Enquirer: 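After the structure tokens below, expect a handful of questions from me.
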2 protein chains.
Amino acid sequence: MKVTINDVAKHAGVSMKTVSRVINKEPSVRKKTYDQVMQAVKELNYQPNTAARNLAGTSSFAIGLVYDNPNAYYIIDMQNGVLSRCKEEGYELVIHPCNAQREDMQAEIATMIKRSRLAGLVLTPPLSEQQPIIDMLDELGVSYVRLLSGHNEQEENARNCIYVDDFAAAYEITEHLITLGHKHIAFVCGDEEHKSTTERLAGYKQALADHQIACNEDFIHKGTYSFESGVNGAKALLKDGNPNQITAILGGNDEVAAGALFAARLMNIEIPAQLSISGFEDSPFSRQTWPKLTTAHQANNVISEHAARLLFSKTRGSRNHDKDIVTTFTPNMVVRESTGPAPR
Amino acid sequence: MKVTINDVAKHAGVSMKTVSRVINKEPSVRKKTYDQVMQAVKELNYQPNTAARNLAGTSSFAIGLVYDNPNAYYIIDMQNGVLSRCKEEGYELVIHPCNAQREDMQAEIATMIKRSRLAGLVLTPPLSEQQPIIDMLDELGVSYVRLLSGHNEQEENARNCIYVDDFAAAYEITEHLITLGHKHIAFVCGDEEHKSTTERLAGYKQALADHQIACNEDFIHKGTYSFESGVNGAKALLKDGNPNQITAILGGNDEVAAGALFAARLMNIEIPAQLSISGFEDSPFSRQTWPKLTTAHQANNVISEHAARLLFSKTRGSRNHDKDIVTTFTPNMVVRESTGPAPR
DNA sequence: AGTTAAAATGACAACGCTGTCAAATAGCTA
DNA sequence: TAGCTATTTGACAGCGTTGTCATTTTAACT
């Protein structure tokens, strides 16, 4: 029933170690030997025991995905991307949702790493932005890859980062609205402490500046990345009969935009005839509102797959070529029905 | 740096085996000894090595979550529920998304079980409904828990099932609509092969029957559990000026309902003034539409936590008491703004 | 105090694999 | 063909736990 490496070795007429070499794709195994072993593996339907490999080997065959993010779509995409890479490499994925608020979060992560002897970690925002965590990981000597908002700064410490250029995306969307004739464009920010918020806001401001549109601080509403925040933000911006004559709202993400859409509906405002609204991220969500959201497509599963790729390239003896790993992703604008020409 | 069980043993002045007993909460350890060991564990900050435990022990410290479901909210909730239980028990969770379409799915699952020597499996619908998979698991001798639509039938093989009573929930929602005066109530089904579809449809029919309302097969639209299907379903049901005078639509789930909402909007139908729409599952989604959806709340994280609980109660020497494990959950109706009195 | 059963603890060999290092073989050159 | 190096293979000892079973300690009796 249970097939061990020893069985395979006997069946192929070689030593256990040679089988091990084949399994691990180590070099210096003659083609003929390799084939013999593979044949035996197939015939016996041998499955290497992960626990034993983890225990005996230098590094384990598991990586971790750590997140503190309430957005289900985001997480699932991230997870799937990393998972697909793991499958490819024969690694296991240990997922670890956590709460940045909690005091013991760091200790918890450290515990997990030790217990599972993780080979590496993929960190998603906003955790990836927290220096204390990074410091702890460095101290523990675990390799990790951070998903960050921004663009590759060519810095030394950028080696283990994957960037999403939110600045560029926000710039593009804002410019799109400007081209449509909008002059009073508001922005409902996501969580202040997320770097994506800063980046998106900066892109928005830059686009305004480049088109000689003064940036009115009243047009910027501070909020969080949630539907409710979108509702409140839009309500606040448009209250008292929209004195600022806002004709477009940029949502911090799709949920915020959906919230703004919701608020607009409550106020009997026609979208996009009277008000344009755009989102961010292109979650499935943005296709399930009415009207559908203009947004910036961010292929989270691809991004996270590359994160895992990068991690593996560092973990193992760089068998992978770093060359084909993209480290900066720029979301593309997707124009749908929620944005239109500015009303006059 | 690395603390082993041996270090703890020395520090506490006992044998390795005794430390092991403490770690595993085995009986027959004197309180005094127990305290000594725990103290040493704390002082040295000892973390048991999962790989070694998996290798040496009879069963491993990992369970698997297998799913084939595109619904991100559903998966995340399920995952979180199982994960919280795992954390409690010191287990790891191996997640395994898969595609029921693929030929090699079964082999893949078997491989995963063998590689990781999983202690058990949690199966979510629709995979949990597929007999071939169940047979394979039985053959492999792995313990598992199935999440199913239906109610506990007290059958022998129901021992490892957690039920969600979709029948009752559909009945409740339909009755709610009937009470509001609706007589022409349509149903947009989810995927035909999902048991939840059958159950929900049956509940709907039963409610109609109990209230002497004839069931018109034209009111039943076969579709899938997707937004698009909701759009298409509603369009089909209401086309040509709504000849059937449908005043309410029951969506197969929240996404379908949101799709119906979308379609209604396209047709300039007021919700709920002209048409009531209700969903199913109470995903975050249902609170982010306009108007918010009436739906049936299904606490997926609680449900899955109980699934894990049940699994652990079977896996280990029934240290857990089966008694406090709920095996049938009935979703509660949540009335929001998408349903209202029937127009006259 | 002496006997016996029950409870608590410990010694030691697995678990299935990989790292280390030594041995064997192959591929050269002279 | 001997002599040498580079390549390929194998023997064996761990990795950090737990299972088995023997041993010691405690408790509960005469």
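Worth saying up front: this structure is predicted, and the values here are computed from it rather than measured. Labels below follow one simple rule: chain letters A, B, ... track the order of the sequence lines, proteins then strands, and each chain is numbered from 1. All values below come from the heavy atoms of this structure, side chains included, with hydrogens, waters and symmetry mates left out.
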Enquirer: Select one nucleotide: of dG10(C), dC17(C), dT18(D), the one nearest the side-chain heavy atoms of R53(A).
Expert: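 Per side-chain heavy atoms of R53(A), the pick is dC17(C).
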
Enquirer: For K10(A), what residues pass the salt bridge (Lys or Arg N to Asp or Glu O under 4.0 Å) criterion, not counting sequence neighbours?
Expert: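 K10(A) satisfies salt bridge (Lys or Arg N to Asp or Glu O under 4.0 Å) with no other residue.
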
Enquirer: Figure out the CG/P separation between D7(A) and dG16(C), and round it to whole Å.
Expert: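 Atom CG in D7(A) sits about 9 Å away from atom P in dG16(C).
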
Enquirer: Indicate, with yes or no, if the rings of H306(A) and F329(A) have centres closer together than 6.0 Å.
Expert: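 Between H306(A) and F329(A), the centre distance is under 6.0 Å.
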
Enquirer: Measure from the side-chain heavy atoms of A56(B) and tell me the nearest of dT18(C), dT17(D), dA11(D).
Expert: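 Out of dT18(C), dT17(D), dA11(D), the nucleotide with an atom closest to A56(B)'s side chain is dT17(D).
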
Enquirer: For S28(A) and for R117(A), find the nucleotide of DNA chain D with the closest heavy atom, then tell me which residue's nucleotide is more 5'.
Expert: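 Upstream on the strand: S28(A).
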
Enquirer: Check the distance between dG10(D)'s P and I5(A)'s CD1 and give it to me in whole angstrom.
Expert: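 So the two atoms are 12 Å apart, to the nearest Å.
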
Enquirer: Of R30(A) and R30(B), whose closest DNA chain C nucleotide lies nearer the 5' terminus?
Expert: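 Result of the comparison: R30(B).
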
Enquirer: Answer with yes or no whether R21(B) presents, from its side chain, a donor or acceptor under 3.5 Å of a partner atom in the base of dG10(C).
Expert: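 Checked by distance alone, the answer is yes.
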
Enquirer: Measure the distance from CG on N54(A) to P on dG16(D) and round it to the nearest whole Å.
Expert: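 Roughly 13 Å, once rounded to whole Å.
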
Enquirer: Counting only pairs under 3.5 Å, give me each side-chain donor-acceptor contact of residues 69-77 of chain B, with atom names and distances, residues two or more places apart or in other chains.
Expert:
unit_1: N69(B); atom_1: OD1; unit_2: N71(B); atom_2: N; d: 2.9
unit_1: N71(B); atom_1: OD1; unit_2: Y73(B); atom_2: N; d: 3.1
unit_1: N71(B); atom_1: OD1; unit_2: Y74(B); atom_2: N; d: 3.2

Enquirer: Name each donor-acceptor pair under 3.5 Å that joins a side chain in residues 129-136 of chain A to protein atoms two or more places apart or in another chain, with its distance.
Expert:
unit_1: E129(A); atom_1: OE1; unit_2: K195(A); atom_2: N; d: 3.1
unit_1: E129(A); atom_1: OE2; unit_2: K195(A); atom_2: N; d: 3.2
unit_1: Q131(A); atom_1: NE2; unit_2: D135(A); atom_2: OD1; d: 3.1

Enquirer: Compare the minimum distances between each of dG16(D), dA8(C), dA26(C) and the side chain of L55(B), then state the nucleotide with the smallest one.
Expert: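 Output: dG16(D).
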
Enquirer: Any pair with a residue in residues 38-60 of chain A that passes salt bridge (charged side-chain N to carboxylate O under 4.0 Å, His left out), sequence neighbours left out, goes on the list, sorted by first then second residue, please.
Expert: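 Salt bridge (charged side-chain N to carboxylate O under 4.0 Å, His left out) check on residues 38-60 of chain A returns no pairs.
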
Enquirer: Rounded to whole angstroms, how far apart are NZ on K17(B) and P on dT18(D)?
Expert: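 Rounding to the nearest Å, NZ of K17(B) and P of dT18(D) are 7 Å apart.
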
Enquirer: Between dC15(D) atom P and K2(B) atom NZ, what is the distance in whole Å?
Expert: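 Those two atoms, NZ and P, are 8 Å apart.
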
Enquirer: Name every residue in residues 31-50 of chain B that has at least one heavy atom under 4.0 Å from any atom of DNA chain C, in order of residue number, or write none if there are no such residues.
Expert: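 The answer is T33(B).
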
Enquirer: Please report the distance, rounded to the nearest Å, between NZ in K114(A) and C1' in dC15(D).
Expert: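 Going from K114(A) (NZ) to dC15(D) (C1'), I get 18 Å.
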
Enquirer: Roughly how bent is the helix from dA1(C)-dT30(D) to dA30(C)-dT1(D) end to end, in steps of 10 degrees, with each end axis from five pairs?
Expert: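 The angle separating the two end axes equals 30°.
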
Enquirer: Given atom CG of N6(A) and atom C1' of dT18(C), what is their separation to the nearest angstrom?
Expert: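 Between C1' of dT18(C) and CG of N6(A): 14 Å.
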
Enquirer: Using atom CE of M16(A) as one end and atom P of dC12(D) as the other, report the distance to the nearest whole Å.
Expert: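 Going from M16(A) (CE) to dC12(D) (P), I get 12 Å.
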
